[in-house]
*Asks:* 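The structure under discussion is supplied below as C-alpha cells; questions concerning it will follow.
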Amino acid sequence: MLDIQLLRNDLDGVAKSLASRGFIIDAAAFRALELERKTVQTRTQELQAKRNAISKQIGQAKAKGEDVSPIMAEVANLGEELKAAESGLEEIQGRMNEILLIIPNLPHETTPAGKSEADNVEVRKVGTPRIFDFPARDHVDVGEGLKQLDFGTAAKISGARFSLMRGQLARLHRALAQFMLDVHTQEHGYTEVYVPYLVNPDSMRGTGQLPKFEADLFAVQKNENEKLYLIPTAEVPLTNMVRDEIVASESLPLKFVAHTPCFRSEAGSYGRDTRGMIRQHQFDKVELVQIVHPSKSCEALEELTANAETILQKLELPYRVMALCTGDMGFSSAKTYDLEVWLPAQNAYREISSCSNFEAFQARRMQARYRNEKGKPELVHTINGSGLAVGRTLVAILENCQRADGGVDIPAILQPYMGGQKLIEPAH
RNA sequence: GGAGAGGUGGCAGAGUGGUCGAAUGUACCUGACUCGAAAUCAGGCGUAGGUUCAAACCUACCGUGGGUUCGAAUCCCACCCUCUCCGCCA
C-alpha cells in the first residue's frame, strides 16, 4: 500500500511512476473522491464535536440538578444528520481503501524501465554451462527413466500439476531442503522458523496477495463465515510475524528462514510449462525474509540475493542474476532480482528464485513498525527471496548432473545429506 | 465438543452510563540535587486522522463488529482470542 499522503501531495508524480510499470491510475477519479472525503470528514467531525459539547453540558447540568429538557431539545435533530454523515464518511473511506489496496508499489529508482520480460537486465552470470557429449534429456525423461518421478500416479491421486517422487529422488529432494536450511542458518545468520501453512485473510492482505490475486490462491472454508488460505510462499507467514507489531530497533534486522510447501492455483497459466515439475500446484521452497530498518533495505536486498546465490554456487549450478524491469515486477515489489538457473534441455536460464525489496509497501499494510531514534513508531522495510525453490533446484540437478547411462551424479555438497552416496544409479 | 474466567496505554493494574484518552504503580525522557551515580523531588511521556503557514484546535480508538442512549471502557447482542477444568485426539 502506498502512503495516502504521497497520493494527496504528489498524485502526478505517483501516476507517472506507476505508469512505468503499466498501471494507470485514474487521477481525476481519485481527486474527486479525495475532495469528497475532505468535505464529508470535516462536516462529520464538526457534528461530532457539537454533539460531544452538548452531551457534556447535559452531564454538568444533571450533576447540578438543573432541568435538562431545553438542552435535550437542542440535540434532538442532530442525531439523524450525524448518523448520515458518519455512514457517508465510512462509505467514502471504504472506497478509498479499495483503491489503495489494488495500487501496486512504486518502482525503486534503480529498477530498470521496461515493458516486459524482454527488458530485464542481466546483472551477472556465474558458472559455465556444461558441454554434453550426448543429447541432454529433460528432467522428466531423466526422472521417469530412473522410475523415481511419477506424474501419472500424482495425477490419479490429485490431478494435473502435481508430482510424486520415490526412493532416492524423494530423498534428494529432502536433502536439498535440509542443505539449504543449514546454509542459511549456520552461515547467513537466519533463524529457522516453522510456520502455519494455512493463513487468514489479514495475512494475505498484509503481504499483498489479497485482494487482487485471490484467483491465484487455494482456500479452504474454516467454517460458514471464515476462510483460510494455503500459503503460496512462506513469505506470507514469515513476513506477517511482525504484523501489528512495534519491534525494538536494536532487534533489527530480523532474519527468518522457513522450509514449507507452497500452493498456487496457477490460474491463467494453463498453456505454460505443462510438462514436468516446473510449474506445480504444490512445491517446496526454502524462503528467506528480512525485516529491516528503512535505511538498510537496499543493502539487505543485495545480501539476501547473495545468500540465495550461495546455494547455487555450492551446488555448482550455472546461473545468472536478472534485475527485473518496471513492467515485469511483482505487485508489491520496488526492486526485484530473479536468479535463473541453467537448464540444458531447455537451452535456457529459468527462474529459480525471486528476491525483492518491498520497502514500506507491505509494512504499511501490516502496520509493522519499529521505534526510531526519537522513539516514534515508523514503518519497517521488508525483503524476501527464495533460497531456493526446492523442486526447481531438483529439476536443475537432474538436467545438469545427468549421465549418459541415465544415472545422476549427486553434487558433492549434498553427498553427506545422502548418506555419502555419490550418484543415483540408473534403473535396470 | 462441553463448563467457567478473562481481554484496558511498553508492562502491571484501577475504572460498571456524564469533562475518562482513561487513576495509580512501573519503565522511559528532561530538569533539580550530586564530583559522578543511586535514592529523592519536579515536569513530560499512546496511536491514527482532519483543519492549518504555524501555533492551536478538533475527531476517532479501552479484543472485533453491531445495537441502546443526548452521552458507552462501562449496558445489550454476535464473533475472535487467551487461560483453567472435562471430553476427544496425532
Side-chain angles (χ1 to χ4, degrees), chain A residues 1-9 11 30-101 194 196-206 210 220-229 237 240-252 254 261 360 363-380:
Chain A
M1 195 156 69
L2 299 181
D3 185 355
I4 182 80
Q5 302 294 357
L6 189 63
L7 282 150
R8 284 174 187 157
N9 299 331
L11 185 56
F30 182 86
R31 279 206 179 86
L33 187 59
E34 169 61 10
L35 186 67
E36 200 184 346
R37 188 223 98 232
K38 194 181 272 191
T39 312
V40 175
Q41 180 163 355
T42 307
R43 180 66 186 146
T44 305
Q45 294 189 346
E46 274 171 13
L47 290 169
Q48 286 171 329
K50 197 168 166 191
R51 179 210 54 201
N52 290 347
I54 296 175
S55 291
K56 201 168 274 183
Q57 279 180 35
I58 294 176
Q60 286 166 345
K62 270 197 167 172
K64 291 179 198 155
E66 293 170 5
D67 178 25
V68 294
S69 51
I71 325 179
M72 295 284 268
E74 207 178 324
V75 82
N77 12 359
L78 225 138
E80 287 292 308
E81 197 184 350
L82 180 58
K83 207 166 256 181
E86 279 176 342
S87 63
L89 180 61
E90 197 177 331
E91 188 264 339
I92 290 165
Q93 283 172 336
R95 271 195 286 157
M96 190 70 102
N97 207 35
E98 276 174 37
I99 292 172
L100 282 175
L101 282 172
Y194 174 83
Y197 302 156
L198 292 167
V199 302
N200 58 35
D202 282 345
S203 295
M204 285 297 187
R205 205 171 297 114
L210 289 182
V220 294
Q221 207 69 31
K222 185 184 178 190
N223 55 45
E224 270 182 43
N225 307 311
E226 285 180 279
K227 255 187 195 177
L228 289 175
Y229 293 89
N240 274 281
M241 285 168 71
V242 294
R243 172 155 54 85
D244 293 322
E245 298 285 336
I246 299 176
V247 301
S249 68
E250 57 270 22
S251 67
L252 298 177
L254 295 170
R364 189 170 293 109
R365 290 173 163 243
M366 293 191 300
Q367 284 301 300
R369 297 173 294 176
Y370 75 102
R371 264 181 215 287
N372 68 17
E373 297 66 28
K374 290 175 183 160
K376 288 289 168 196
E378 200 176 321
L379 297 169
V380 296

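We name chains A, B, ... by the order of the sequence lines, and we start the count at 1 in each one.
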*Asks:* Without decimals, in angstroms, what is the distance between A:N200 CG and B:C79 C1'?
*Replies:*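 To the nearest whole Å, that distance equals 15 Å.
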*Asks:* Quick check on contacts: within residues 46-58 of chain A, what sits under 4.0 Å from RNA chain B by heavy-atom distance?
*Replies:* A:Q48, A:A49, A:R51, A:N52, A:S55, A:K56, A:I58
*Asks:* Which whole-number value in Å describes the distance from A:D202 CG to B:G63 P?
*Replies:*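 Result: 18 Å.
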*Asks:* Could you tell me how far B:G67 sits from B:U30 if I compare only their P atoms? Round to whole Å.
*Replies:*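 That atom pair is separated by 47 Å.
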*Asks:* Work out which heavy atom in A:L2 is nearest to a heavy atom in A:R364; give both atom names and the distance.
*Replies:* C-NH1, 3.5 Å
*Asks:* Given atom CZ of A:R371 and atom P of B:C45, what is their separation to the nearest angstrom?
*Replies:* 15 Å
*Asks:* Once you round it to whole Å, what is the distance between C1' of B:U64 and CD of A:E226?
*Replies:*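 Roughly 11 Å, once rounded to whole Å.
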*Asks:* Roughly how far apart, to the nearest Å, are B:C35 and B:C29 at atom C1'?
*Replies:*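 B:C35 and B:C29 have their C1' atoms separated by 24 Å.
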*Asks:* What distance, rounded to whole Å, do you find between the two P atoms, one in B:C53 and one in B:A48?
*Replies:*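 Comparing P positions in B:C53 and B:A48 gives a spacing of 22 Å.
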*Asks:* What's the gap between B:U52 and B:U40 when it is taken at their P atoms, as a whole Å value?
*Replies:* 48 Å
*Asks:* Base, sugar-phosphate alone, or nothing: which one does A:Q5 contact when heavy atoms must sit under 4.0 Å apart?
*Replies:* sugar-phosphate
*Asks:* Using the P atoms only, state how far B:G18 lies from B:A73, rounded to an integer number of Å.
*Replies:*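 Their P atoms lie roughly 11 Å apart.
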*Asks:* Using the P atom in both, what is the distance from B:A72 to B:A14, to the nearest Å?
*Replies:*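 Here B:A72 and B:A14 have their P atoms 25 Å from each other.
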*Asks:* Within this structure, what is the CZ-to-C1' distance between A:R369 and B:A48, rounded to whole angstrom?
*Replies:*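 Roughly 8 Å, once rounded to whole Å.
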*Asks:* What are the two closest non-hydrogen atoms of A:N240 and A:S203, and how far apart are they?
*Replies:* ND2-O, 2.8 Å
*Asks:* With pairs defined as Watson-Crick or G-U wobble and both distances under 3.5 angstrom, please note down RNA chain B as a dot-bracket string, | for pairing with another strand.
*Replies:* ((((((((.[[[..)..(.....]]].(((((.......))))).((((((....)))))).[[[[[..)....]]]]])))))))....
*Asks:* Under 4.0 Å between a side-chain nitrogen and a carboxylate oxygen: does that hold for A:E81 and A:R51?
*Replies:*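 Salt bridge between A:E81 and A:R51, a charged N being under 4.0 Å from a carboxylate O: no.
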*Asks:* Please report the distance, rounded to the nearest Å, between CD in A:E90 and C1' in B:U64.
*Replies:*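 The distance from CD of A:E90 to C1' of B:U64 comes to 14 Å, rounded to the nearest Å.
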*Asks:* Might you confirm whether atom CD of A:Q221 has over 12 heavy atoms from other residues, nucleotides or ligands at distances under 6.0 Å?
*Replies:* yes
*Asks:* Quick one: does A:K56's side chain get under 4.5 Å of A:N52's, heavy atoms only?
*Replies:*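 They are not in contact (no side-chain heavy atoms under 4.5 Å apart), so the answer is no.
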*Asks:* Quick check: on RNA chain B, is the nucleotide nearest A:Q367 upstream (toward 5') of the one nearest A:K83, or the reverse? Name the residue that is more 5'.
*Replies:* A:Q367
*Asks:* Distance check: side-chain N/O of A:K62 vs OP1/OP2 of B:G17, anything under 4.0 Å?
*Replies:* no
*Asks:* If I compare all heavy atoms of A:S249 with all of A:R371, which pair ends up nearest, and what's the gap?
*Replies:*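 What the structure gives for the nearest pair is CB-O, 3.3 Å.
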*Asks:* I need the CD-P distance between A:Q45 and B:A56, as an integer number of Å.
*Replies:*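 One finds 19 Å between P of B:A56 and CD of A:Q45, rounded.
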*Asks:* Nearest heavy-atom pair of A:L101 and A:R365: which atoms, and what distance?
*Replies:*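 In terms of heavy atoms, the two residues are closest at O-NH2, 2.5 Å.
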*Asks:* Could you check A:E86 against A:E34 and say which one's nearest nucleotide on RNA chain B is further toward the 5' end?
*Replies:* A:E34
*Asks:* Roughly, in whole Å, what's the span from CZ in A:R37 to C1' in B:A60?
*Replies:*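 Whole-Å distance recorded here is 14 Å.
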*Asks:* Could you tell me whether A:R37 and A:E34 have a side-chain N and a carboxylate O separated by less than 4.0 Å?
*Replies:* yes
*Asks:* Give me the distance, rounded to whole Å, that separates B:U68 from B:C77 when you measure between the C1' atoms they each carry.
*Replies:* 11 Å
*Asks:* Can you name the nearest heavy-atom pair linking A:P196 to A:P237, along with the distance?
*Replies:* O-CG, 3.8 Å
*Asks:* Minimum heavy-atom separation for A:L379 to A:Y370, with atom names?
*Replies:* O-CE2, 3.7 Å
*Asks:* Taking the same atom, P, in B:G6 and in B:G15, what whole-Å distance lies between them?
*Replies:*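 The answer is 12 Å between these two P atoms.
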*Asks:* Have a look at A:R43 and say if it touches a base, only the backbone sugar-phosphate, or nothing, with a 4.0 Å heavy-atom cut-off.
*Replies:* nothing
*Asks:* Any salt bridge linking A:E46 with A:R43? Criterion: basic side-chain nitrogen under 4.0 Å from a carboxylate oxygen.
*Replies:* yes
